[in-house]
Amino acid sequence: DGFRRMNAKRSNPCFCNGATYRYLGRQYRLKITKAALPSVSLKGGYLHVSVLQKSDDEVKKALNAWYRTKAREQFQKRLMTWEEWCRNKKVPAPRLQIKSMKKRWGSALKNGVIILNPELIHAPSVCVDYVITHEICHLRYPDHGPRFIRLLTQLLPEWRAIKQRLEELT
């Protein structure tokens, strides 16, 4: 299963200069520096991580906080583009919840809550958009029946290829 492979690959990540990390499908190298205030920024192919002590724990903590913030920003921005569609289809407006899940990228609740796995922020933008579109379709059709598949295909004709790409990443 894809999530097991993904988690196995990330079992002992290196939090050292030059280690590579993905953000929206692109690889960036870590550049770690000492600073009084922890911060993370993306500049020119590098994830610049500033921490008080260059320990794995501090770098990991700063990086995870940055990824979670970016996930919230990216996912929220993308969900907002669906508000009018949801209103027109008389389904609840999407509301974001971020939750780590071992076996899922996302989930949709009847009340409009779209739960997204923060790990999705590592995948390419097109894959993020596919997962969001998939979950939006569940607001209309809770199962994976023919009507759900028809709607997903109408909204994202190339969804099968994107899904395959996402599965290959994990």
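Residue numbers start at 1 and run along the sequence shown. Side chains are part of it too, since the values below use all heavy atoms of this structure and drop only hydrogens, waters and symmetry mates.
Every residue two or more places apart in sequence or in another chain was checked for a side chain to side chain donor-acceptor pair (under 3.5 Å) with K89, and none qualifies. Not a single ring pair (Phe, Tyr, Trp, His ring centres under 6.0 Å) links Y28 to another residue, sequence neighbours left out. Under the ring pair (Phe, Tyr, Trp, His ring centres under 6.0 Å) criterion, Y130 pairs with H134, not counting sequence neighbours. With sequence neighbours left out, the side chain to side chain donor-acceptor pair (under 3.5 Å) criterion links W159 to T153. Annotation: ring pair (Phe, Tyr, Trp, His ring centres under 6.0 Å) contacts of Y141 (sequence neighbours excluded): none.
Residues V131 and I149 fall within the same hydrophobic cluster, defined by Ile, Leu, Val, Met, Phe, Trp and Tyr side chains chained together at heavy-atom separations under 4.5 Å. Note on L42: it clusters hydrophobically with Y67, by side-chain heavy-atom contacts below 4.5 Å among ILVMFWY residues. Put simply, W66 and L52 are part of two different groups of oily side chains (I, L, V, M, F, W, Y) that touch within less than 4.5 Å, one to the next.
The distance from atom CD of Q74 to atom NZ of K77, rounded to the nearest 0.5 Å, is 4.0 Å. If you take CD1 on I98 and CD on Q76, they are separated by 8.5 Å, rounding to the nearest 0.5 Å. To the nearest 0.5 Å, atom CG of residue L96 and atom CZ of residue R78 are 12.0 Å apart. Separation of atoms NE2 (H138) and CG (L151) is listed at 10.5 Å; rounding is to 0.5 Å. Rounded to the nearest 0.5 angstrom, R72 CZ and T69 OG1 are separated by 8.5 Å. For the atom pair SG of C127 and CD of Q164, the computed distance is 10.5 Å after rounding to the nearest 0.5 Å.
Counting all heavy atoms, side chain and backbone alike, W82 lies closest to P94 at CB-CG, 4.2 Å. Shown here for P92 and L139, the closest heavy-atom pair between the two residues is O-CD1, 3.7 Å. Nearest heavy atom pair, residue V128 against residue A123, reads CG2-O, 4.0 Å. The two residues L169 and P124 make their nearest non-hydrogen contact at CD1-CD, 3.2 Å. What you find for I121 and A71 is that their closest heavy atoms are CD1-CA, 3.7 Å. Closest heavy-atom contact between R68 and P118: NH1-CG, 3.4 Å.
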(request) Before giving the answer on side-chain contact (heavy atoms from CB on, under 4.5 Å), spell out for N17 and Y46 the whole-Å C-alpha distance, their side-chain angles and the decisive distance to 0.1 Å. (result) CA-CA 10 Å; N17 280 311; Y46 287 93; over 6 Å; no
(message) Would F75 and I114 count as a side-chain contact (heavy atoms from CB on, under 4.5 Å) here? Give the steps.
(response) CA-CA 10 Å; F75 301 166; I114 303 290; over 6 Å; no
(message) Go through it in stages, so that I can follow the logic: the residues are L166 and V126, the test is side-chain contact (heavy atoms from CB on, under 4.5 Å), and I'd like the CA-CA distance, side-chain angles, deciding distance and then a yes or no.
(response) CA-CA 9 Å; L166 183 60; V126 68; over 6 Å; no
(request) Take E58 and K61 through the test side-chain contact (heavy atoms from CB on, under 4.5 Å) and record every step on the way to the result. (result) CA-CA 5 Å; E58 277 201 51; K61 187 177 172 185; 5.7 Å; no
(message) salt bridge (charged side-chain N to carboxylate O under 4.0 Å, His left out) for E167 and K163? Distances and angles first, verdict last.
(response) CA-CA 6 Å; E167 288 170 354; K163 179 180 187 227; 3.5 Å; yes
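Ion pair E73/K70 flagged as a salt bridge, since at least one NZ, NE, NH1 or NH2 atom sits closer than 4.0 Å to an Asp/Glu carboxylate oxygen.
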For residues 29-40, tabulate all N or O donor-acceptor pairs below 3.5 Å that involve a side-chain atom, not counting sequence neighbours.
from: R29; atom 1: NH1; to: G18; atom 2: O; distance (Å): 2.6
from: T33; atom 1: OG1; to: S50; atom 2: OG; distance (Å): 3.1

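Each of L120, L116, I115 was evaluated against W105; a single residue qualifies, L120, per the side chain to side chain contact (heavy atoms under 4.5 Å, CB included) test.
Between Y23 and H122, the distance separating the two ring centers is not shorter than 6.0 angstrom.
When atom types are taken as modelled, the side chain of N117 and the backbone of G106 share no donor-acceptor pair closer than 3.5 angstrom. In this structure, the side chain of Q27 does not engage the main chain of T20 through any donor-acceptor pair within 3.5 Å.
Other residues, nucleotides and ligands place more than 12 heavy atoms under 6.0 Å from the CZ atom of R95.
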